[in-house]
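Working notes, structure below.
Heads up: numbering here begins at 1 and tracks the sequence.
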Amino acid sequence: MFSTTIVVRRVPIAVLIFVVCSVGLVGQQAPAAPNSSSVKEFPVNMLQKVTAGATPVGTKVQARLLVATLVDGAVFPKNAIFSGEVTESVAKSATSPSRVAIRMDSAQWKNGSAPIKVYLTGWFYPVIAAMGQRLSSGPAQPALKTWNGAGVYPDPNSAVTPPDTNRSAEAVPDSPAYTASKQRVLMPDIESEHNNEGVLAITCKRFNIKLDRLTTYVLATGDLSAGSPGSGNRSTN
């Protein structure tokens with residue numbers, strides 16, 4: 001009858017610790033790096049007005065970049081100028097919505113330039129008002145008893161009274177400061193459409209689309225989903 005002898009070798013403690021730690025790391029891998037092919041976006045001000053149906057197709061347009069933006073390792077600096085053209089411009093009718101499409105083909109700045117294909121999207125950064133620095137060193141005044149000097153002068157018969165010219169200059173109330181929100185949102189009543197080639201257009205069933213030079217619009221390399229409410233490819237100013 002044959003017998004089997006099992007030889008047990010002592011494994012160093014350091015080796016056991018290494019094996020255990022390695023197994024733990026396999027189950028806790030770091031998140032994958034962002035996909036470099038994801039949609040890139042640029043907050044801009046248009047340098048001219050565009051109106052659906054009134055601005056002809058083929059009109060050359062430009063936009064100014066408001067925030068330095070990182071794209072695939074390259075920085076598009078603040079104030080870079082995007083150049084392109086209006087590719088669709090249709091006024092609203094009784095049976096069809098107004099429609100505008102803008103494609104930008106290049107960006108230029110002081111010391112460089114780059115070809116890039118981006119489109120106007122249905123997103124923008126709304127303007128928000130925040131109270132600025134208080135100029136008065138005295139006690140705070142009731143909100144309904146002060147006038148901040150902005151907008152239409154209040155009705156004397158309303159709950160808000162005009163400023164007292166006999167009061168000290170130190171009693172000047174807070175002044176509002178207006179700035180663009182840090183969170184982009186969809187334009188009201190605007191819908192986005194894109195074809196298989198990624199060409200974007202924005203439409204509206206209620207009114208003719210009008211783009212001004214003050215609103216912060218969003219240009220992008222593709223469609224921005226509603227589930228992506230932020231801009232993830234910005235750099236610092």
Q) Is it the case that one hydrophobic cluster holds both V39 and L186, taking links as side-chain heavy atoms less than 4.5 Å apart, direct or via other members? A) yes
Q: Please check if L47 and V118 belong to a single hydrophobic cluster, counting links between Ile, Leu, Val, Met, Phe, Trp and Tyr side chain heavy atoms closer than 4.5 Å.
A: no
**Q.** Minimum heavy-atom distance I202-G122, with the two atoms named
**A.** CG2-N, 3.7 Å
Q | Residue pair V71, F42: steps toward the side chain to side chain contact (heavy atoms under 4.5 Å, CB included) verdict | A | CA-CA 10 Å; V71 179; F42 305 84; 3.6 Å; yes
Q: Using modelled atom types only, decide if a donor and an acceptor are shared between the side chain of T51 and the backbone of A54 within a distance under 3.5 Å.
A: no
Q.
I'd like to know whether E193 forms a side chain to side chain contact (heavy atoms under 4.5 Å, CB included) with L200, so could you lay out the CA-CA distance, the side-chain angles of the two residues, the decisive distance to 0.1 Å, and finally the verdict.
A. CA-CA 6 Å; E193 297 180 0; L200 290 175; over 6 Å; no
Q: Enter the distance from I190:CD1 to F124:CZ here, rounded to the nearest 0.5 Å.
A: 10.0 Å
(Q) One pair to check against side chain to side chain contact (heavy atoms under 4.5 Å, CB included): L219 and E41. What are the steps and the verdict? (A) CA-CA 6 Å; L219 302 177; E41 56 185 280; over 6 Å; no
Q. Atom NZ of K205 and atom OG1 of T95: how far apart are they, to the nearest 0.5 Å?
A. 12.0 Å
(Q) For a 4.5 angstrom cut-off between non-hydrogen side-chain atoms, does W109 reach L65? (A) no
Q: Working to the nearest 0.5 Å, report the span between CZ of R99 and SG of C204.
A: 12.5 Å
Q) Any donor and acceptor pair, going by atom type alone, linking the side chain of T59 with main-chain N or O of V86 inside 3.5 Å? A) no
Q | Interatomic distance, Y119 atom OH to T87 atom OG1 [nearest 0.5 angstrom] | A | 8.0 Å
Q: Verify, without hydrogens or angle tests, whether S106 (side chain) and M104 (backbone) share a donor-acceptor contact under 3.5 angstrom.
A: no
Exercise answer: donor-acceptor pairs, residues 207-215 side-chain atoms, under 3.5 Å, sequence neighbours excluded:
unit_1 : atom_1 : unit_2 : atom_2 : d
N208   : OD1    : K92    : N      : 2.6
D212   : OD1    : L214   : N      : 3.0
D212   : OD1    : T215   : N      : 2.7
D212   : OD1    : T215   : OG1    : 2.9
D212   : OD2    : T215   : OG1    : 3.1

**Q.** Residues Q108, F82; criterion side chain to side chain contact (heavy atoms under 4.5 Å, CB included); working and verdict
**A.** CA-CA 7 Å; Q108 294 182 328; F82 288 83; over 6 Å; no
Q.
Please report the interatomic distance OG(S38) to CG(L224), rounded to the nearest 0.5 Å.
A. 10.0 Å
Q: Please tell me if the side chains of D72 and K40 come closer than 4.5 Å, counting only heavy atoms from C-beta onward.
A: yes
Q) Distance from N45 atom CG to Q62 atom CD, nearest 0.5 Å? A) 13.5 Å
Q) Under 3.5 Å, side chain of T216 to main-chain N/O of Y125, donor-acceptor pair present? A) no
Q) Are any non-hydrogen side-chain atoms of I116 and F76 less than 4.5 angstrom apart? A) yes
Q: Report yes or no: do L120 and V90 belong to one cluster of Ile/Leu/Val/Met/Phe/Trp/Tyr joined by side chain heavy-atom distances under 4.5 Å?
A: no
Q. Can any side-chain N or O of S89 pair as donor or acceptor with the backbone N or O of T55 at less than 3.5 Å?
A. yes
Q) Got M46 and V61 here, is their nearest side-chain heavy-atom distance under 4.5 Å? A) yes
